[in-house]
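Predicted model, so just to flag it, every value in this text is computed and none were measured. Values reported hereafter were calculated over all heavy atoms of this structure, with side chains retained and with hydrogens, waters and symmetry mates removed.
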Amino acid sequence: MRVRVEALLILALMLALPALGQTLVCPAPDGVSCDQFHYHVLAWDAVHSNSVELMGRNSFSSIAACQAARSREEDSNAKIVRYLASAAPRLKYPSSHYGPCHCDMTVVPSSSAFLDDAHRTEAIRADEENRQALLAVLLDHDVKSDSDMALSLQIPPSKFDSSLLRTVLMIPDFGGTNLLNPEMAQLKETVVDEAADDKSWQKDLRLVSVTLDPPKTGGANGAKTAAMNPFVLSERARIQRVVSEILEKNSATRGASLRACAQRMQFLSKLDRLLQFAGAESRLSRAAADASATAEARLGFVTSLFGTEVASHWAPDDPLQMTFDAPSEIGSDPAIVVLDSTNRFTPDQRRTALFVFLMHNALDESDEPWIKAALEAHLNGEAK
């Protein structure tokens with residue numbers, strides 16, 4: 001009798017699985033030509049400890065592009081789940097389930113799956129919070145912010161990225177001087193990968209073909225990187241304590257707080273990379289190491305590099321206050337403010353602009369010389 005009951009339960013589960021899979025698709029199009037495709041994800045919500053269906057967060061012009069993006073995301077999720085199963089088995093982090101690529105009915109007003117602007121924004125925000133919460137968990141378990149797992153959780157840009165303009169027009173030399181290369185000032189058509197997750201951001205791009213590669217890191221057989229600067233170690237430890245405190249509470253701002261911690265961890269990794277580029281014996285690296293002893297000294301070091309406005313958001317009692325919005329006077333391209341030589345901006349504005357640039361831009365090897373020069377100028381009080 002027991003065997004019969006177990007067999008019936010197994011049969012019921014097998015019958016339920018296809019039904020579960022059918023919930024991850026939009027209603028079939030009825031007389032509507034389909035020119036946009038997407039897929040749904042039943043993802044684990046690390047903030048609220050439950051599963052949530054994510055939809056309306058991506059759209060593709062072809063089934064092939066959709067399937068390529070779906071395959072990449074599913075493979076990345078599998079790697080993350082395997083890593084956490086080994087590094088943090090007590091979390092019991094489950095795999096996400098991915099629906100098939102199908103006609104995107106969230107853009108069809110007559111469909112029951114249609115999403116207006118408010119609901120689509122809510123869906124995108126849910127996806128962002130879920131990714132950032134998972135990223136915070138990974139960073140708390142020793143995953144580097146420039147690793148493949150961490151980079152896979154970054155949100156594709158939904159608007160024009162002004163850093164692309166900087167790569168075309170701003171050519172800093174090793175002395176930190178901003179030069180304009182006339183040969184590169186000519187704008188060209190932008191080439192965008194068909195498989196880019198967010199097709200809407202392509203509408204605003206009319207610049208140069210740019211390939212953004214993730215930072216190179218030494219593999220298992222590669223050269224070992226230098227030891228992390230004591231300043232960065234101290235600040236990472238502080239943020240990890242904040243993450244642990246956030247995870248112990250179940251507040252309404254838990255997801256946003258974890259996202260702020262994840263952004264700070266990424267910023268600290270970029271800062272450490274710049275300190276390593278400067279060299280352990282450079283004045284910049286020594287000043288950072290000397291400031292690691294106390295919270296007050298670290299805050300003073302941050303103030304000298306990034307200004308008083310950033311310092312007020314550096315180590316607040318409320319983790320949400322770590323988020324920092326760029327002041328309007330900095331504009332859409334903080335690199336222009338940092339490298340400005342016309343005295344249009346105050347020293348503190350240039351310091352703030354450097355922080356904003358590091359927060360919101362991937363760090364390329366070509367950026368290291370001019371950012372190092374700017375950091376050294378700020379440390380020496382030479383920002384004009």
Distance (rounded to the nearest 0.5 Å) between Leu275 CG and Asn229 CG:
5.0 Å

Which atoms form the tightest heavy-atom contact between Pro89 and Ser86, and what is the distance?
CD-O, 3.7 Å

Any donor-acceptor pair under 3.5 Å from Ser282 side chain to Ser285 backbone:
yes

Glu129 vs Arg125, test: salt bridge (Lys or Arg N to Asp or Glu O under 4.0 Å). Steps then yes/no.
CA-CA 6 Å; Glu129 290 188 354; Arg125 182 180 295 114; 5.2 Å; no

Could you state the interatomic distance from CG (Leu135) to CG (Leu258), rounded to the nearest 0.5 Å?
10.0 Å

Would His313 and Thr323 count as a side chain to side chain contact (heavy atoms under 4.5 Å, CB included) if you check the C-alpha gap in whole Å, the side-chain angles of each, and the deciding distance to 0.1 Å?
CA-CA 7 Å; His313 291 264; Thr323 57; 5.7 Å; no

Ion pair check, Arg241 and Glu245, cut-off under 4.0 Å:
no

Under 4.0 Å between a side-chain nitrogen and a carboxylate oxygen: does that hold for Arg273 and Glu368?
yes

Give the intermediate values and the outcome of salt bridge (Lys or Arg N to Asp or Glu O under 4.0 Å) for residues Arg57 and Glu128.
CA-CA 9 Å; Arg57 64 196 182 100; Glu128 290 177 350; over 6 Å; no

For a 4.5 angstrom cut-off between non-hydrogen side-chain atoms, does Leu91 reach His141?
yes

Asp140 and Ile239, any side-chain heavy atoms less than 4.5 Å apart
no

To check you understand the geometry: which heavy-atom pair defines the closest contact between Pro334 and Val356, and what is its length?
CG-CG1, 4.1 Å

Do the side chains of Tyr83 and Leu138 get nearer than 4.5 Å, heavy atoms only?
yes

Got Leu115 and Val107 here, is their nearest side-chain heavy-atom distance under 4.5 Å?
no

Sidechain N-carboxylate O distance under 4.0 Å for Arg70, Glu74
yes

Closest heavy-atom pair and its distance - Met55, Ala123
O-CB, 3.2 Å

Okay, side chain of Ser244, backbone of Gln240: is any donor-acceptor separation there less than 3.5 Å?
yes

How long is the gap from CG on Asn77 to NE2 on His97, to the nearest 0.5 Å?
9.5 Å

Does CG belonging to Asp318 count more than 12 external heavy atoms closer than 6.0 Å?
yes

State plainly whether one hydrophobic cluster holds both Leu24 and Phe37, where clusters connect Ile, Leu, Val, Met, Phe, Trp and Tyr through side-chain heavy atoms under 4.5 angstrom apart.
no

Test your reading of the model: is there a side-chain donor-acceptor pair from Ser234 to the backbone of Pro230, 3.5 Å cut-off?
yes

N/O donor-acceptor pair under 3.5 Å between Ser111 side chain and Val108 backbone:
no

Assess, by modelled atom type and distance only, whether the side chains of Asp104 and Thr106 contain a donor and an acceptor separated by less than 3.5 Å.
yes

Mind running side chain to side chain contact (heavy atoms under 4.5 Å, CB included) on Met105 and Ser112 for me, showing each step along the way?
CA-CA 8 Å; Met105 300 300 292; Ser112 60; over 6 Å; no

Judged by modelled atom types alone, do Ser61 and Asp35 share a side-chain donor-acceptor pair under 3.5 Å?
no

Does the Cys101 SG fall under 2.5 Å from that of Cys66?
yes

Quick check, are the ring centers of Phe301 and Phe306 under 6.0 angstrom apart?
no

Within-4.5 Å side-chain heavy-atom neighbours: Phe231 and Val302
yes

Side-chain donor-acceptor contact under 3.5 Å, Ser59 with Gln36:
yes

Are the aromatic ring centres of His102 and His40 under 6.0 angstrom apart?
yes

With a cut-off of under 6.0 Å to the ring centre and 45° to the axis, is Arg264 in cation-pi contact with Trp314?
yes

Roughly how far, to the nearest 0.5 Å, is the CG atom of Leu268 from the CE atom of Met228?
8.5 Å

Where do Ser152 and Ser76 come nearest, in terms of heavy atoms and distance?
OG-OG, 2.6 Å

4.5 Å side-chain heavy-atom contact, Leu375 and Leu274
yes

Would a hydrophobic clustering, with Ile, Leu, Val, Met, Phe, Trp and Tyr connected at side-chain separations under 4.5 Å, put Val81 with Leu139?
yes

Check: Met359 and Lys270 side chains under 4.5 Å, non-hydrogen atoms:
no

Determine the minimum heavy-atom distance between Leu305 and His378, stating which atoms define it.
O-ND1, 3.0 Å

Heavy-atom neighbours of His119 NE2 exceed 12 at 6.0 Å:
no

Salt bridge or not between Arg298 and Glu235? Use side-chain N to carboxylate O under 4.0 Å.
yes

Run the salt bridge (Lys or Arg N to Asp or Glu O under 4.0 Å) test on Asp127 and Arg131 for me, step by step, so that the C-alpha distance in whole Å, both residues' side-chain angles and the decisive distance to 0.1 Å come before the verdict.
CA-CA 6 Å; Asp127 182 37; Arg131 288 174 182 243; 3.2 Å; yes

Which value, rounded to the nearest 0.5 Å, describes the distance between Leu339 atom CG and Phe345 atom CZ?
11.0 Å

Does the side chain of Ser269 come within less than 4.5 Å of Arg236's, by heavy atoms?
yes

Are Asp290 and Arg286 within salt-bridge range, i.e. N to O under 4.0 Å?
no

Using 0.5 Å steps for rounding, measure from the CD1 atom of Ile80 to the CH2 atom of Trp44.
15.5 Å

If I compare all heavy atoms of Cys261 with all of Ile246, which pair ends up nearest, and what's the gap?
SG-CD1, 3.8 Å

Taking atom types as modelled, is there a side-chain donor on Gln276 or Asp272 under 3.5 Å from an acceptor on the other?
yes

Quick one: sort the Tyr39 and Tyr98 rings into parallel, tilted or perpendicular, breaks at 30° and 60°.
tilted

With clusters defined by side-chain heavy atoms of hydrophobic residues (ILVMFWY) lying less than 4.5 Å apart, directly or transitively, does Leu354 cluster with Leu299?
yes

